[in-house]
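Have a look at the structure below before the remarks.
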Amino acid sequence: MSIRFDSESKTFTLYTKNTAYQMQVNQVGHLLHLYYGKKTGTDNLSYQYIPADCGFSPNLYEIRQNRMISVDILPQEYSGANTGDFRLSSLEMVTKEGAYGADLYYRDYKVLPGKYALDGLPALKEAGSRVETLVINMYELITGTTVQLLYGVFEEEDVITRAVRIINDTENTIRIEKVASACLDLPFGNWEMIHFHGRHCMERMTQRVPLTRNIQTVSSKRGCSSHHHNPFVILCNKNTTEDYGPCYGAMLAYSGNHKTDVEVDQMGLTRMVMGIHDTQFSWNLDPDQSFCAPEVIFTYSSEGLTRMSQTYHRILRNNMMNSKFAHAKRPVLINNWEATYFDFNREKILKIAQKAAELGVEMLVLDDGWFGSRNDDNRGLGDWFVNEKKLEGGLNPLITEINKMGMKFGLWIEPEMVNEDSDLYREHPEWALTMPGRKPTMGRNQLVLDMSRKDVIDYLDECFSSILENHNIEYIKWDMNRNMTDVYSHAAPANRQGEIFHRYILGVYDLLNRLTTKFPDVLFEGCAGGGGRFDAGMLQYCPQIWTSDDTDSIERLTIQYGTSFGYPISSMGAHVSTCPNHQTGRTTPFGTRAVVAMSGTFGYELDLNLISEEEKEEVKDQIRRFHMYYDLIQNGTYFRLTDPTENMYFTAWEFVSENKEEALLNMVMTRTRANANPAHFWMKGLDPDAKYELRDVHFAGCSLGVHMEHIYGTPEKGKPVYTGSSLMYAGFSMPLMSGDYPSVQMHFVKVG
Ligand code: DGJ
């Protein structure tokens with residue numbers, strides 16, 4: 001039993017393999033948060049909280065003579081508002097009389113086998129794991145509603161999920177002004193926050209900042225989780241490293257507006273509140289209706305950041321992704337975007353496909369520009385019928401030809417958008433989000449469809465279902481290329497406009513759910529101008545997401561590094577593109593581009609007819625290696641060996657199979673120096689007592705130094721063999737690798 005309730009002390013304790021989480025109902029009925037961290041005994045941990053009379057921290061009417069108890073001081077499980085806790089609120093509601101706030105009292109609880117689900121929202125599922133659900137029913141005194149605090153306890157995985165459901169069992173409509181998914185109070189300790197900020201072509205840059213006596217916010221009001229702030233934060237100790245020290249991960253499984261506030265209060269308590277952004281949010285909850293706030297996936301590691309990331313990688317792969325491709329092998333693809341942009345026709349595409357097929361690529365993805373009048377990015381979105389001027393006879397003859405080459409076919413779509421210059425907009429201008437009396441703000445010259453409308457979702461469902469039913473399409477790239485402004489629905493009344501941001505994302509999930517359920521054999525890749533909607537919510541439907549529009553392999557090192565803190569390698573779309581790179585102008589060795597793209601879903605995004613004969617041979621070898629290492633990369637355990645934001649000379653990372661039988665070491669030199677020290681790194685995750693043969697080595701883009709015996713061995717002695725402990729504790733020095741951005745991939749296999 002992972003959930004225990006002690007009725008005498010009214011204490012709930014949730015246990016996972018290595019962690020404990022405790023809450024207690026106090027004498028007035030408030031639910032206090034007592035602890036989350038490394039597994040403890042069965043003690044009641046309330047002894048940590050010494051009552052104190054703190055000036056200007058208010059007391060409850062019922063116990064007004066006891067000034068030692070204040071909601072402003074005590075750690076709360078889910079904080080209220082306007083009733084004495086001046087710190088971050090989790091919930092704010094308004095009655096029909098205009099009374100504002102939230103005051104939560106414990107009513108009862110139940111423990112359910114398995115994992116709760118949330119209406120219309122992605123959430124981790126049981127998927128064979130041992131899971132229990134705790135539902136704590138709280139009574140909210142101001143509105144009279146029931147607030148359910150939901151907990152999913154994944155015992156083996158060391159994961160605790162949280163979500164909130166508000167049930168209006170009153171006779172009046174209640175307005176919700178703010179509803180966080182979780183509040184986490186850490187009463188003791190000095191914490192730092194790691195978060196992932198960025199911009200287009202520079203997603204998930206890692207930043208670590210100390211928490212100070214104020215509020216720090218990570219948020220997006222762009223209508224999507226965004227390039228700019230990922231809905232994932234880590235709180236850790238000042239001394240926490242990859243392998244040492246405590247850290248908490250909090251990941252919101254939501255793709256819309258989000259906000260995480262972290263406050264350090266007057267007494268030094270740290271409070272984190274995470275959920276839907278409250279700006280431009282208000283929800284009218286009618287009688288008998290309920291509202292679900294999205295799920296937060298928590299994990300705690302006492303052994304540093306690597307363990308935390310590995311927990312997320314496993315749980316997202318096993319318990320979030322609904323697609324059969326979470327585990328099934330994905331094809332190596334070629335995408336025509338950077339090869340042609342909008343300038344293509346049937347012959348050009350077939351020529352690209354033909355060469356790719358010859359070299360071993362398994363799928364061609366036809367990107368933007370195949371439909372309507374889409375000859376540039378100013379028109380055509382919404383007109384999802386093929387442009388026969390480019391592709392005579394439609395998609396089917398093209399697909400037939402590509403299938404004949406032995407390749408699968410995939411297609412790009414951008415369902416949520418419309419151009420003014422499109423038949424769809426001319427017919428249904430009211431389907432776009434625009435404000436009455438104001439010209440809409442444009443982004444890439446396109447407008448956003450009102451995905452909060454059922455008629456829009458039904459139309460898109462019909463449209464894309466018909467495309468998928470009538471063509472042999474085995475992959476869809478679902479793009480989204482602007483942020484949301486002018487958020488006003490022409491179908492909703494004035495008092496419901498505050499619901500549109502959230503209803504929009506519910507509509508996106510609805511459409512994704514309909515299509516992925518109807519077409520389970522189609523692999524869906526998410527995309528939003530690169531990685532602008534890379535979040536756990538999208539992973540439910542799309543097991544892979546295009547990580548960034550920046551395909552420069554050196555830039556990708558930092559982007560993929562940041563992304564790896566929360567998201568599995570198998571979810572990161574990564575391609576080899578041409579050089580000079582289209583985003584940065586940088587030239588990198590062909591092999592280095594492949595090493596970086598292989599630590600992702602792997603594919604190509606260039607015209608392979610235009611590369612040298614030598615590079616064509618390399619493509620064959622890269623694909624051979626990717627197949628050979630596929631399982632190790634996609635399902636193995638991932639280790640960051642260096643931090644590219646700190647080590648400017650080289651970046652190294654590693655995969656180890658679950659059974660520690662093999663490991664793949666990857667390294668890219670990011671700055672070559674004269675008279676340099678060799679790059680030295682310490683491997684991780686190996687069996688210290690086992691012997692590992694360095695079986696395969698692949699250098700790219702360099703002239704090598706002379707000391708190669710420890711890499712290649714000798715004809716007499718054979719390949720070099722090292723013990724796991726030597727590789728991990730003494731480490732490994734690379735020979736000098738000169739040239740710009742050389743790389744190496746080394747495959748170690750256990751031999752004894
Ligand atoms: C943005 C995507 O990230 C690109 O890969 C490409 O699909 C373009 N959109 C097409 O418009």
Side-chain angles (χ1 to χ4, degrees), residues 198-204 222-228 255 333-344 348-349 352 363-384 386-387 390 409-419 421-422 442-449 464 473 475-484 523-535 538 542 544-553 555-556 559-560 563 571-578 581-584 593 597 600-607:
R199 56 179 189 252
H200 180 228
C201 285
M202 206 193 259
E203 298 86 339
R204 290 167 296 287
R222 295 169 176 268
C224 62
S225 47
S226 86
H227 304 82
H228 305 76
S255 313
L333 64 82
I334 183 147
N335 178 305
N336 73 303
W337 179 242
E338 286 198 16
T340 65
Y341 296 102
F342 293 103
D343 181 20
F344 63 83
K348 224 174 182 175
I349 295 297
I352 290 173
M363 179 166 75
L364 178 118
V365 175
L366 184 59
D367 210 279
D368 195 354
W370 59 268
F371 53 90
S373 56
R374 188 84 171 160
N375 292 320
D376 56 34
D377 60 7
N378 288 306
R379 66 207 81 245
L381 287 172
D383 295 341
W384 299 110
V386 75
N387 178 340
K390 283 182 177 174
F409 179 81
L411 193 65
W412 178 96
I413 59 175
E414 191 174 2
E416 300 156 63
M417 299 290 156
V418 68
N419 282 116
D421 185 358
S422 69
M442 302 305 282
R444 211 190 192 197
N445 215 357
Q446 63 198 51
L447 295 171
V448 184
L449 281 177
F464 293 111
I473 294 172
Y475 159 109
I476 286 286
K477 177 175 173 189
W478 179 306
D479 206 347
M480 192 260 192
N481 279 304
R482 65 158 290 183
N483 289 144
M484 284 161 65
L523 167 61
F524 281 74
E525 174 156 348
C527 177
R533 205 163 55 183
F534 205 122
D535 56 69
M538 285 307 285
C542 306
Q544 61 190 59
I545 299 176
W546 183 226
T547 314
S548 179
D549 270 349
D550 192 341
T551 58
D552 176 334
S553 53
E555 296 297 292
R556 275 296 188 113
I559 296 170
Q560 293 176 198
T563 308
S571 69
M572 294 188 215
H575 300 164
V576 173
S577 62
T578 195
N581 177 268
H582 288 191
Q583 292 77 41
T584 61
R593 285 175 258 161
T601 57
F602 197 50
Y604 292 84
E605 190 159 335
L606 73 169
D607 185 345

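What's counted below: heavy atoms across the whole structure, side chains too, no hydrogens, waters or symmetry copies. All ligand and atom numbering here is 1-based and tracks the order in the structure.
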### Task
Say whether Thr578 and Glu338, considering side chains only, have a donor N or O and an acceptor N or O under 3.5 Å apart.
no
### Message
Regarding ligand 1, does Cys527 bring an N or O atom to under 3.5 Å of one of the ligand's N or O atoms?
### Response
no
### Message
Can you confirm, on distance only, whether ligand 1 has an N/O atom lying under 3.5 Å from any N/O atom belonging to Asp368?
### Response
yes
### Task
Would you tell me which option among Val365, Asp479, Asn336, Leu381 has the nearest heavy-atom contact to atom 9 (N) of ligand 1?
Asp479
### Minimum non-hydrogen distance to atom 7 (O) of ligand 1, winning option of Asp367, Thr547, Asn335, Asp549
Asp367
### Message
Does only the side chain of His200 get under 4.0 Å from ligand 1, or the backbone, or both, or neither? Count heavy atoms.
### Response
neither
### Query
Applying a 4.0 Å heavy-atom criterion (strictly less than), which segment of Asp377 is in contact with ligand 1: side chain, backbone, both, or neither?
neither
### Query
Does Gly529 offer a backbone N or O that forms a donor-acceptor pair with the side chain of Asn481 under 3.5 Å?
yes
### Query
Is Asn581 reaching over with its side chain to a backbone N or O of Thr584, donor-acceptor style, under 3.5 angstrom?
yes
### Query
Hey, is Asp368 close enough to Arg379 for a salt bridge, meaning N to O under 4.0 Å?
no
Show the atoms of ligand 1 that are less than 4.0 angstrom away from any heavy atom in [X].
X	answer
Gly530	3 (O)
Trp546	3 (O), 5 (O)
Trp412	7 (O), 10 (C), 11 (O)

### Query
Hey, does Glu525 sit under 4.0 Å from ligand 1 if you only count heavy atoms?
no
#### Entry: Nearest non-hydrogen protein atom, atom 5 (O) of ligand 1
Lys477 NZ, 2.7 Å
#### Entry: Derivation of the side-chain hydrogen bond (donor to acceptor under 3.5 Å, both in side chains) call for Thr563 and Arg204
CA-CA 6 Å; Thr563 308; Arg204 290 167 296 287; 2.8 Å; yes
### Query
Centre of Trp370's six-membered ring, under 6.0 Å away, within 45 degrees of the axis: is that where NZ or CZ of Lys390 sits?
no
### Message
Do Arg374 and Trp384 form a cation-pi contact, if we require the NZ or CZ to be under 6.0 Å from the six-membered ring centre and within 45 degrees of the ring's axis?
### Response
no
### Task
Assess whether atom CZ of Arg444 is packed by more than 12 heavy atoms of other residues, nucleotides or ligands within 6.0 Å.
yes
